[in-house]
Amino acid sequence: MRSQILGTGSYAPSRILTNADLERMVATSDAWITERTGIRERRVVTPEEACSDLGVQAARQALAEAKIQASELDLILVATCTGDFPLPSTACVIQHRLGATQAAACDISAACCGFVYALAVADAYIKTGSRYVLVVGAEVMSAITDWEDRNTCVLFGDGAGAVVLGPSDGEAGILSLHLHADGRLADLICVPGGGSSMPISEKILAERLHYIKMRGNETFKVAVKTMEEAAREALAANGLTVEEIDVFIPHQANIRILKAVSQRLGLSFDRVAVNLDRFGNTSAASIPMMLDEVVRENRVKADSLILVAAFGAGLTWASGVIRW
Ligand code: ACO
C-alpha cells in the first residue's frame, strides 16, 4: 500500500525584501547576491506574523485541494526550525487553529530536510492504517537571521508549504523516501544560543549567538555531493533513469548548487523547479512551496515522476520519488 499526496498549498508573507533593500542594510550588492546565489528577493514576516500563521494558510489551501475536513486528520506534522515557541509545538498551535480535534500533532526538526523527514513519518503512518496526515513545512527564518551578517542574511526567506497525505487508490503516490544524517558536521550550520546548551542570556544576545551561523563555502561543497548521492539513491531504489524524471524539486538553497547537482546527474536544467529567485532559502518550507507552485502551474500531470532532494543543518540530507 502506498500513500498519496491528495492536495497541496503554500503561503508566503506579502512583505518583499529585495537585494536593493539589503544593499542599504549590509555591505553587499545586488550583483554579488544574484551571481553567487541566484536570489533576487525574499519574503519576510511583519512583527504580527509567526510560523503558525504561515503554516495555517498553507494547510487550509492543501485541505481544500484535497477536499478533506480538518476534523478528518489523524496526525499533523510541522517541519520547522523556527516554530512559534520553544514549547509547545507549532503543530499543536496549527491543530487548534484548524479545528483538527482528532489529530495528534508534533513538530519535526531536521532543518532544510524537515519536510522530507516529516513526509517519511507521514508515509509510514498511512501505511500502518492512518487515513489522513497533514504535513506542513513552515519557517520564519527572518527570526533567526542576523541582519548585520552579510554572509547569511542575503540567503534566507519566510514561507510555508503543506500537503495532505492519504492512502493511494492506484499507482500514484510516494514510491520511496531516503533519509540520512551525519552529526559530525553539526557545526557547519547552527544557531549556537537559545537552547539548553547555551540558554538565552544577555551575553548570548550581545554575542549574537541566537542567530544562524554558517560555514557557507564548506556547506556548498557538502550540499552538492550529498544531494547528488541522495538523488541517485532514490532513482536506483525505483529502477529509474534520470531521463524518466519529469520534474526535479531540490531544496532551494543556491542556484549554483542546483546547477551543479543537475549537471552531475545529467538532468537538463529545464526539468529543475526553481523559485529561490523570488523566495530565497525557506528551509523546511522550500520543497512544499515549490511543489505547490509546480502543481498549480500544471507542470505535473497524472503519472508524472517527481524527484525531490534536500540537505540542511545537522547535517541532514534526504530524497524521494513521487508518482503524481
Ligand atoms: N555580499 C558581498 N560579499 C560577500 C557577501 C555578501 N552578501 N557574503 C560573503 N561575501 C564575501 C566574503 O566575505 C568573501 O570575501 P573575501 O574573499 O574577501 O573573504 C567572498 O564574498 C567570498 O565568500 P565565500 O563564502 O567564499 O563565497 P561563496 O562563493 O562560497 O558564496 C554562499 C557564499 C552564497 C553562502 C555559498 O557558499 C552558499 O550558498 N553556501 C551554501 C549555503 C546553504 O545552502 N546553506 C543551506 C543550509 S541552511 C539550513 O539548513 C537552515
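Indexing begins at 1, ligand by ligand and atom by atom, following the structure's order.
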Within 4.0 Å of some non-hydrogen atom of F156, the atoms of ligand 1 are 48 (S)

Flag side-chain contact, heavy atom, 4.5 Å: S89 against V78: no

Closer than 4.0 angstrom: is that true for some heavy atom of C112 and an atom of ligand 1? yes

Under 4.0 Å between a Lys/Arg side-chain N and an Asp/Glu carboxylate O for R43 and E49? no

Check: N217 N/O within less than 3.5 Å of ligand 1 N/O: yes

Any non-hydrogen side-chain atom of W324 less than 4.5 Å from a side-chain atom of V295? yes

With heavy-atom distances below 4.0 Å as the criterion, list the atoms of ligand 1 near V154. 7 (N)

Distance below 4.0 Å between atom 30 (O) of ligand 1 and any protein heavy atom? yes

E207 atom CD: more than 12 heavy-atom contacts under 6.0 Å: yes

Kindly state if atom 16 (P) of ligand 1 has a protein heavy atom within a strict 4.0 Å cut-off, that is, under 4.0 Å? no

Atom 41 (C) of ligand 1: closest protein heavy atom, distance to 0.1 Å, is G216 O, 3.6 Å

Suppose I only count heavy atoms of T37 and a 4.0 Å limit; which atoms of ligand 1 are within that range? 34 (C)

Any atoms of ligand 1 less than 4.0 Å from a non-hydrogen atom of T219? List them with their elements. 43 (C), 45 (N)

Please determine which of D187, L188, I189 meets the side chain to side chain contact (heavy atoms under 4.5 Å, CB included) test together with L185. L188

T316 and A110 have their tightest heavy-atom pair at OG1-O, 3.3 Å

Test log, rule side chain to side chain contact (heavy atoms under 4.5 Å, CB included), inputs F248 and L258: CA-CA 10 Å; F248 177 34; L258 272 48; over 6 Å; no

In ligand 1, the atoms that come under 4.0 Å of a heavy atom of A253 are 44 (O)

Residue-level breakdown please: for T28 versus ligand 1, do any non-hydrogen atoms fall below 4.0 Å on the side chain, on the backbone, on both, or on neither? both

Heavy atom of N151, distance to ligand 1 below 4.0 Å: yes

Are E65 and L6 close enough that some pair of their side-chain heavy atoms sits under 4.5 Å apart? no

Counting only heavy atoms closer than 4.0 Å, does ligand 1 sit against the backbone of N281, its side chain, both, or neither? side chain

contact_flag R256 ligand 1 heavy-atom lt 4.0 Å: yes

Aromatic rings H180 and W317: how do their planes relate, parallel, tilted or perpendicular, breaks at 30° and 60°? parallel

What protein heavy atom sits nearest atom 12 (C) of ligand 1, and how far off is it? R150 NH2, 3.9 Å

List the atom of A105, the atom of Q95, and the distance in Å for their closest heavy-atom pair. CB-CB, 4.2 Å

Atom indices of ligand 1, in the order listed, that fall short of 4.0 Å to a heavy atom of A313: 50 (O)

Could you list which atoms of ligand 1 come closer than 4.0 Å to a heavy atom of F311? 44 (O), 46 (C)

Restricting to non-hydrogen atoms, name the atom on V140 and the atom on T82 that form the minimum distance, rounded to 0.1 Å. N-OG1, 2.7 Å

Identify which of N254, I255, D30 has a heavy atom lying nearest to atom 32 (C) of ligand 1. N254

Closer than 4.0 Å and a protein heavy atom, does any atom meet both conditions relative to atom 5 (C) of ligand 1? yes

P192 to L209 - nearest heavy-atom pair and separation: CD-O, 3.2 Å

Show, in sequence, the C-alpha distance, side-chain angles and deciding distance for F279 and Q252, and conclude whether the side chain to side chain contact (heavy atoms under 4.5 Å, CB included) test is met. CA-CA 9 Å; F279 297 109; Q252 307 284 309; over 6 Å; no

Any ion pair linking D53 and R97 (charged N to carboxylate O, less than 4.0 Å)? yes

Right, does atom 46 (C) of ligand 1 have protein non-hydrogen atoms nearer than 4.0 Å? yes

Atom 8 (N) of ligand 1: which protein heavy atom is closest, and how many Å away? W32 CH2, 3.3 Å

L155 versus ligand 1: do any nitrogen or oxygen atoms come within less than 3.5 Å of each other? no

So is I257 in contact with ligand 1, going by heavy-atom distances below 4.0 Å? yes

Distance from atom 23 (O) of ligand 1 to nearest protein heavy atom, with residue and atom: R36 NH1, 4.3 Å

At a 4.0 Å threshold, what atoms of ligand 1 neighbour a non-hydrogen atom of M214? 42 (C), 43 (C), 45 (N)

